[in-house]
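Comments concern the structure below.
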Amino acid sequence: MAICSFLGHSEVYDRNMAQRAEEAVLGLAEREEELHFLFPAHQKNPFHLACWQGVQAAKEKFPEKKFFVQLMVAEGEESFFETWIKERGLPIDRVIAPVRQPSDRSKLGRGFIAMLRERARWAVQHSDYMICYLYEEFESPKTNLYKYAQKRNVQLIQIANGNIQERIADEIKKRSAQEQFALEQRRMGKTYQEIAQLMNLQCHKARVMIQTANWEIEQEICNNPI
């Protein structure tokens with residue numbers, strides 16, 4: 001028995017992402033006789049939906065194998081989601097609550113964000129495989145999860161499109177010389193503080209410049225997928 005989880009951007013940067021995600025799930029399903037798939041509640045982004053479609057396709061293609069879908073929710077939400085799943089007849093086999101419910105239940109509150117982060121780390125800790133749609137150039141907490149999974153020797157199945165890296169490089173060349181230098185140093189592993197010292201800037205100014213440039217590049221590619 002093996003466990004597979006998923007890690008990907010909420011945005012779509014290339015038109016064939018969904019196809020590659022489904023193919024990744026099917027390829028894994030072909031290798032394993034029993035698979036448990038971990039899906040997080042509260043996430044309905046295109047990447048997770050494509051992986052969900054892949055699991056359903058795998059069940060149809062390999063009816064003799066054992067594939068189980070587990071929905072990860074917050075503590076105390078189990079009954080709600082079990083009823084919700086039953087009413088809609090969704091193909092979810094089990095609802096689990098691997099982490100505690102935050103005292104701050106607001107979806108914009110720090111407690112809720114911390115719960116999502118803790119749940120994501122729990123999924124990494126319990127996964128044998130992780131299907132990833134991740135461009136490390138776009139800095140986000142998911143990048144840290146990706147590195148955490150690498151340290152834990154999770155088998156990562158990366159479906160990122162290599163052409164996007166080339167597109168990112170082209171977009172960086174359009175930035176100012178100062179931004180290009182800062183982005184290059186950041187991709188070399190430098191901290192914001194180290195980059196600020198190299199550029200004779202205050203740390204928060206270096207951070208804002210880098211994060212703004214990354215966000216603008218990300219939006220440009222997202223708005224014009226290849």
Determine, using the 4.5 Å side-chain heavy-atom cutoff (strictly less than), whether Tyr13 and Phe47 are members of one ILVMFWY cluster.
-> yes
Distance-only, no hydrogens or angles: does the Gln180 side chain make a donor-acceptor pair with backbone N or O of Arg175 under 3.5 Å?
-> yes
For Ala182 against Met209, the heavy-atom pair lying closest together | CB-CE, 3.6 Å
Side-chain heavy-atom pair Gln158, Tyr135 within 4.5 angstrom cut-off | no
Let me see the working for Val154 and Asp128 under side chain to side chain contact (heavy atoms under 4.5 Å, CB included), right down to the final yes or no.
-> CA-CA 5 Å; Val154 177; Asp128 301 291; over 6 Å; no
Flag, side chain of Lys65 to backbone of Ala29, donor-acceptor distance under 3.5 Å = yes
Are Ile172 and Leu198 connected in a single hydrophobic cluster, I mean Ile/Leu/Val/Met/Phe/Trp/Tyr linked by side-chain heavy atoms less than 4.5 Å apart?
-> yes
Criterion side-chain contact (heavy atoms from CB on, under 4.5 Å) against Lys66, the qualifying member of Glu32, Glu34, Met1 = Glu34
Minimal heavy-atom distance between Lys142 and Gly8, with the atoms involved, is NZ-O, 2.6 Å
Exercise: identify the closest heavy-atom pair between Met115 and Val99 | CG-CG2, 3.7 Å
Without swapping roles, check the side chain of Glu22 against the backbone of Gln19 for a donor-acceptor pair under 3.5 Å.
-> no
Under a single-linkage definition using a 4.5 Å side-chain heavy-atom cutoff for Ile, Leu, Val, Met, Phe, Trp and Tyr, are Tyr146 and Leu116 assigned to the same hydrophobic cluster?
-> no
Would Asn214 and Glu218 satisfy side chain to side chain donor-acceptor pair (under 3.5 Å), going step by step from the backbone distance to the final call?
-> CA-CA 6 Å; Asn214 273 327; Glu218 183 178 356; over 6 Å; no
Check the surroundings of atom CG in Asn223: do more than 12 heavy atoms from other residues, nucleotides or ligands lie under 6.0 Å from it?
-> yes
Between Lys174 and Glu171, is there a salt bridge with N-O shorter than 4.0 Å?
-> yes
Does the Arg94 side chain pair with the main chain of Val69, one donor and one acceptor, at a distance under 3.5 Å?
-> no
Indicate the atoms forming the closest heavy-atom contact of Cys51 with Ile131, along with that distance.
-> SG-CG2, 4.5 Å
So do Phe138 and Ile221 actually touch side chain to side chain, heavy atoms under 4.5 Å?
-> yes
Quick one: OH on Tyr129 to OG on Ser5, what's the gap to the nearest 0.5 Å?
-> 12.5 Å
Donor-acceptor contact present, side-chain Arg121 to main-chain Leu145, <3.5 Å = no
Mind checking the CD-CD spacing from Gln202 to Gln193? Nearest 0.5 Å is all I need.
-> 10.5 Å
Output field: ring centroids Phe6/Tyr133 closer than 6.0 Å | no
Kindly give the heavy-atom pair with the smallest separation between Pro46 and Val12, and that separation in Å.
-> CB-CG2, 3.6 Å
Can you check whether Ile3 reaches Phe37 side chain to side chain, under 4.5 Å on heavy atoms?
-> no
Would you give the length of the straight line joining atom CZ of Phe39 to atom CD1 of Ile96, rounded to the nearest 0.5 angstrom?
-> 12.5 Å
Find out whether Ile210 and Trp215 are in side-chain contact, i.e. whether some heavy atom of one side chain is under 4.5 Å from a heavy atom of the other.
-> no
State, yes or no, whether a side-chain contact exists between Leu134 and His9 at a heavy-atom distance under 4.5 Å.
-> yes
Is the side chain of Glu179 donor-acceptor paired with the backbone N or O of Ser176 at a distance under 3.5 Å, no angle test?
-> yes
Heavy atoms, side chains only, cut-off 4.5 Å: are Gln70 and Val95 in contact?
-> no
What's the spacing between Leu156 CG and Cys132 SG if we round to 0.5 Å?
-> 4.5 Å
Below 6.0 angstrom between ring centroids: does that apply to Trp52 and His48?
-> no
Can you find a pair of side-chain heavy atoms, one from Asn161 and one from Arg20, that are under 4.5 Å apart?
-> yes
side-chain contact (heavy atoms from CB on, under 4.5 Å) with Arg167: which of Ile217, Asp14, Ile226?
-> Ile226
side-chain contact (heavy atoms from CB on, under 4.5 Å) test vs Leu183 passes for just one of Gln185, Arg186, Arg187, namely Arg187
Main-chain N/O of Ala74 paired to Glu77 side chain as donor or acceptor, under 3.5 Å | yes
Closest heavy-atom pair, Gln56 versus Pro91, reported as atoms and distance to 0.1 Å, is OE1-CG, 3.4 Å
Hey, could you give me the NZ/CE distance between Lys190 and Met199, rounded to the nearest 0.5 Å?
-> 12.5 Å
Do Leu38 and Leu71 belong together in a cluster built from hydrophobic side chains that touch within less than 4.5 Å?
-> no
